[in-house]
Number of protein chains: 2
Amino acid sequence: MEKRILNKFLKDKGLRLTKAREAVFQRTFSYQGHFNPESLYLRLKETGIKVSRASVYRTLSLLCECGLIEKVRKTEEGTLYEYIFGHEHHDHMHCLSCGEIIEFYSEDIERIQEELCKELHFKGINHSLEIRGYCKKCQKKKN
Amino acid sequence: MEKRILNKFLKDKGLRLTKAREAVFQRTFSYQGHFNPESLYLRLKETGIKVSRASVYRTLSLLCECGLIEKVRKTEEGTLYEYIFGHEHHDHMHCLSCGEIIEFYSEDIERIQEELCKELHFKGINHSLEIRGYCKKCQKKKN
DNA sequence: TATTTAATGAGATTGATTCTCAATATCAAT
DNA sequence: ATTGATATTGAGAATCAATCTCATTAAATA
């Protein structure tokens, strides 16, 4: 399914489905959640697949364009991406101690945001909400 | 007031109030909203004040540490900061067309977040919510 | 298969940020 | 005000993610 989307996207733009693009695309599935380009590049390398960093970056841009993945945010370790196709929209809690990412979704927050946009005459396209703090485990560790 | 906070912070850490730090601190007030280190550096330069880029970066870190300013997010143009002392917490709408930043605050969203944290056993420290889309003006332009 | 042209990889480049270190400035004690 | 211990500075080097360059290679279609 995802493959078909990528294919159509490429064809429509007159682009080609190459070994490099295929490899990056596939390896993308090896992540549960967030990943950055460098990590993806290294995983490809480990597996013995030769794809240049440049191609990793270039392909990630394409995967964003066709809506399979999305930039989450920029960090000290580079831009974070995540797979979104087939995943419902969600927001994140980010543990400052162990780095864990907890996904959550709130109908109420979505609704209130829409109301706020209407109020302020803003046409909302998407949003990101990140709550930073400490996960259950790390709270215990401290005590 | 802010000056006193900075002073106390420095003294407590055995740091010194230098010309460079004073200058960066002061120039920080020339911004209404968001700013990045390079822009601050240039404004200082324009005014004829000689402070190195290194000192700008170093001082911004200190101002963050003592809670006068805060990192908003990383962008292509570098890290965005904003003054927070004396400003109530708020979130942002970000116009993808003209770049305008609209601040907003919602008691409801704050409350729901607290509830969510409790539910998920997460100790929330702070959060950022950004809604991306198009402001009133830019919506009109399109039509 | 041949032809056209998009895509690739290696390495250079850019841009933000941090680091290094010798020279300088601050501040507490005198 | 002077001194002395040491924090701070600035210039430029170093780092790191990301992008660009360009000669070579490889898709895709006729």
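So you know, we letter chains A, B, ... as the sequences are listed, proteins then strands, and number each from 1.
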K.L.:
OP1 or OP2 of D/dA17 sitting under 4.0 Å from any side-chain N/O of A/Thr79?
P.N.:
no
K.L.:
Would you indicate, yes or no, if C/dT26 has its OP1 or OP2 atom less than 4.0 angstrom from a side-chain nitrogen or oxygen of B/Lys19?
P.N.:
yes
K.L.:
Does A/Arg58 reach a base, just sugar-phosphate, or nothing at all? Heavy atoms under 4.0 Å.
P.N.:
base
K.L.:
Could you tell me how far apart B/Lys11 (NZ) and D/dT6 (C1') are, to the nearest whole angstrom?
P.N.:
17 Å
K.L.:
Specify the separation, in whole Å, of atom CZ of A/Arg21 and atom P of C/dA6.
P.N.:
11 Å
K.L.:
When the distance from CZ of A/Arg16 to C1' of D/dA27 is rounded to whole Å, what number comes out?
P.N.:
5 Å
K.L.:
Walk me through it: do B/Tyr83 and B/Phe29 pass the test ring pair (Phe, Tyr, Trp, His ring centres under 6.0 Å)?
P.N.:
CA-CA 8 Å; B/Tyr83 218 92; B/Phe29 293 118; 5.1 Å; yes
K.L.:
Please check if the side chain of B/Ser39 supplies one atom and the backbone of B/Phe35 the other of a donor-acceptor pair under 3.5 Å.
P.N.:
no
K.L.:
Let me know the distance between CD of B/Glu22 and P of C/dC27, rounded to the nearest Å.
P.N.:
10 Å
K.L.:
Ignoring hydrogens and geometry, is there a side-chain-to-backbone donor-acceptor pair from A/Arg73 to A/Leu80 under 3.5 Å?
P.N.:
no
K.L.:
Send over the distance from A/Ile49 CD1 to C/dG9 P, rounded to a whole Å.
P.N.:
12 Å
K.L.:
In terms of the nearest nucleotide of DNA chain D, which residue is placed more toward the 5' end: B/Lys50 or A/Lys74?
P.N.:
B/Lys50
K.L.:
I need the CG-P distance between B/Asn7 and C/dT26, as an integer number of Å.
P.N.:
14 Å
K.L.:
Nearest of C/dT17, C/dA7, C/dG9 to any side-chain atom of A/Ser52?
P.N.:
C/dG9
K.L.:
Without decimals, in angstroms, what is the distance between B/Tyr41 OH and D/dG12 P?
P.N.:
11 Å
K.L.:
Would you please confirm or rule out a distance under 4.0 Å between OP1 or OP2 of C/dG9 and any side-chain N or O of A/Ser55?
P.N.:
yes
K.L.:
Without decimals, in angstroms, what is the distance between A/Leu15 CG and D/dT29 C1'?
P.N.:
16 Å
K.L.:
Kindly say whether B/Glu110 contributes a backbone atom to a donor-acceptor pair with the side chain of B/Tyr105 at under 3.5 angstrom?
P.N.:
no
K.L.:
Quick one: do B/Leu129 and B/Phe122 end up in the same hydrophobic cluster if we chain Ile, Leu, Val, Met, Phe, Trp and Tyr together by side-chain heavy atoms under 4.5 Å apart?
P.N.:
yes
K.L.:
Establish, with yes or no, whether the OP1 or OP2 oxygen of C/dA16 is under 4.0 angstrom from a side-chain nitrogen or oxygen of B/Arg53.
P.N.:
no
K.L.:
Looking for any heavy atom pair under 4.0 Å, which part of the strands does B/Ala54 touch: base, sugar-phosphate only, or nothing?
P.N.:
base
K.L.:
Give a yes/no on whether any side-chain N or O of A/Tyr57 is located under 4.0 angstrom from OP1 or OP2 of D/dA18.
P.N.:
yes
